[in-house]
There are 2 protein chains.
Amino acid sequence: MPATRPPKSLPVSAAGLPESMAGEAAERGLAFAPLYRQVKARIVASLQSCEWRPGELIPSEMELAARLGVSQGTVRKAVDELAAENLLVRRQGRGTFVATHAEQRQQYRFLRLMADEGGVPLLERELLECRRLRAPGWVAKALQLRSGDGVIEIRRLLREVPGAEQERGAGTPVVLDDIWLPGALFKGLNTEMLMAHKGPFYGLLETRFGVQMIRAQERIRAVAADEETAALLLQPQGVPLLSVERLSYTYADKPVELRRGFYSTARHFYRNELN
Amino acid sequence: MPATRPPKSLPVSAAGLPESMAGEAAERGLAFAPLYRQVKARIVASLQSCEWRPGELIPSEMELAARLGVSQGTVRKAVDELAAENLLVRRQGRGTFVATHAEQRQQYRFLRLMADEGGVPLLERELLECRRLRAPGWVAKALQLRSGDGVIEIRRLLREVPGAEQERGAGTPVVLDDIWLPGALFKGLNTEMLMAHKGPFYGLLETRFGVQMIRAQERIRAVAADEETAALLLQPQGVPLLSVERLSYTYADKPVELRRGFYSTARHFYRNELN
DNA sequence: TAGTGGTCTAGACCACATG
DNA sequence: ATGTGGTCTAGACCACTAC
């Protein structure tokens, strides 16, 4: 491609991106963006359309470069950024994989809870509730639904699994989660499915519903436990709890999960790194 | 440098890195690290020795490449990573600058507090205390001091500046900070200096003491306000507060500040992004 | 106009994982 | 032995900033 150069741009053909500017807002002006950004967008489009699924190997840099008509270095820069955003995972000698919440043994990717002693806590889930209802106003607003649209409400309790030392039955309750999902996106989701599923919750959404959680933002406050919450966490009413509100997004900045967790921070804390 | 290649390594001369492996642990095995990592280490060394100070322009990529005997691309990768770590700031057409807490108008780099309405809150400081004392055990441990070493203890209150709409004197107290600093590092720091200083606290440590805060880790809990804290924040005793413990590091992973903030989260929250 | 970082290319070799 | 990502180079042109 050293001959003509001027407004360098990917051929809009192979993967079927619309040429019209009237498409999605996300594509606006992308034709004038740097080549590697266009490559990035093409890769993300392939991820979004599940051409490559979570955990799978994507084509090599050389192959992508050939397919898209750019140099390997340009693909590399695009993939580097996507790996930095945790959409892809590079493994030297093996290839580049689609990130997944399903298999990774490093526990929950979005959970920042740590134990005062012993680092990352081992948690077990107890499902307390799973029902469908009309979205309350604030839930609808957060999930960008129409007020009254159907949502799934899930309540669950996370207990810390007792260490090898002691083993007195069930662990100590640490987190109470309330989760709201758009009903339209998760049609078959119900109590049985949740009970049957082992592994991360986001892994279930990924493998069964094709919805991948890409990023999230959290709002953290300190609140006093109400009677019901306190009882479930085996704490006195009014005890200070961390309230963690999370809005999770999938591709194209689409919010697909609202969650509010109450964290008992007597023997745990929320870890954050700043730079 | 296309002639000899085998164990490619920077000449250990120009900036005076010791050849002996018996040096600091941070340099261990660096001779076998990729070239761009050695370049990174050299740049960090120059930052640490204040060869280039916060806010200043560092040499261009071409110049660094020539000086270090590597290609521009290698310098670029090193600088890219340092920019991603917020040690450097790139500005197209102008050059690359040393990051600083002093000037940046984007307020406090490490403060994750947001207002429910109006986004980033405007805060004013009130200094409540500044004294020297022997380090309590837990402070000494966190700052890696000997128990009994001298530390500076600072207490301050952050108030939200009232918006243009209303202007009823002082703002609402939002944060109570207790700060501990190693006395040996901040010899002349006292009440007068703190009172006289305008701008970010970390900016003062930077310009007056040459200590740059590079990264930090925070541990967040929910606690009940004790009598004194509650009074200062104009809240009832026992109100739930966010306890934010921060340990800040300068170069070479050296901890140089311990801080515990109590955040009133009635009309504010702690923001975090996950990915 | 000159200098800087930003993008893009082409090609080489290395380190690692796999069959 | 093959193929992958990881590193390094050299050189080109673009976009932005400053003088």
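A note on names: the letters A, B, ... follow the listed sequences, proteins ahead of strands, and every chain is numbered from 1. These numbers were taken from a predicted model, which means no experiment stands behind them.
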- Message: Please tell me if B/Ser60 has a side-chain N or O lying less than 4.0 Å from either OP1 or OP2 of C/dT4.
- Response: yes

- Query: Starting at CZ of A/Arg76 and ending at C1' of C/dC13, how long is that distance when rounded to a whole Å?
  - Reply: 13 Å

- Task: Quickly work out the A/Gln72 CD to C/dT7 P distance and round it to whole Å.
- Result: 18 Å

- Message: Nearest whole Å is fine: how far is D/dA15 C1' from A/Phe32 CZ?
- Response: 16 Å

- Looking at every strand, decide which applies to A/Arg91 at a 4.0 Å heavy-atom threshold: base, sugar-phosphate, or nothing. sugar-phosphate

- Item | Given DNA chain C, 5'-ward residue of the pair A/Lys77 and A/Gly93, judged by closest heavy atom | A/Lys77

- Message: Looking only at the side chain of A/Leu35 (C-beta and beyond, no hydrogens), which of the listed nucleotides C/dC8, C/dG5, D/dT9 gets closest?
- Response: C/dC8

- Are A/Arg76 and A/Glu81 ion-paired here, with the side-chain N under 4.0 Å from a carboxylate O? no

- Can you tell me if the side-chain N/O atoms of B/Thr74 get under 4.0 Å from OP1 or OP2 in D/dT7? no

- Task: Using a strict cut-off of less than 4.0 Å between a Lys/Arg side-chain nitrogen and an Asp/Glu carboxylate oxygen, indicate whether A/Arg215 and A/Asp253 qualify as a salt bridge.
- Result: yes

- Quick one: which of D/dT7, C/dC8, C/dT9 gets closest to the side chain of B/Tyr36? D/dT7

- Are any of the side-chain nitrogens in A/Glu51 or A/Arg67 under 4.0 Å away from the carboxylate oxygens of its partner? yes

- Item | Residue pair A/Asn272 / B/Tyr270, side-chain heavy-atom distance below 4.5 Å | yes

- So, B/Glu85 and B/Lys40, do they make that salt bridge, N to O below 4.0 Å? yes

- Task: Can you tell me the distance, in whole Å, between the NZ atom of B/Lys40 and the C1' atom of D/dC8?
- Result: 17 Å

- Nearest-angstrom distance from the residue atom CZ of A/Phe97 to C1' of D/dG3: 13 Å

- Query: To the side chain of B/Gln92, which of D/dA15, D/dC8, D/dT17 is closest?
  - Reply: D/dA15

- Item | Atom-to-atom span, CD of A/Gln38 to C1' of C/dG6 - whole angstrom | 15 Å

- Could you tell me the separation between the CD atom of A/Glu63 and the C1' atom of D/dG3, rounded to a whole number of Å? 12 Å

- Query: Separation of B/Glu81 atom CD from C/dG5 atom P, in whole Å?
  - Reply: 17 Å

- B/Arg94 vs A/Asp80, nearer the 5' end of DNA chain D by closest nucleotide: A/Asp80

- Item | Phosphate-side-chain proximity, B/Thr96 and C/dG5, N/O vs OP1/OP2 below 4.0 Å | yes

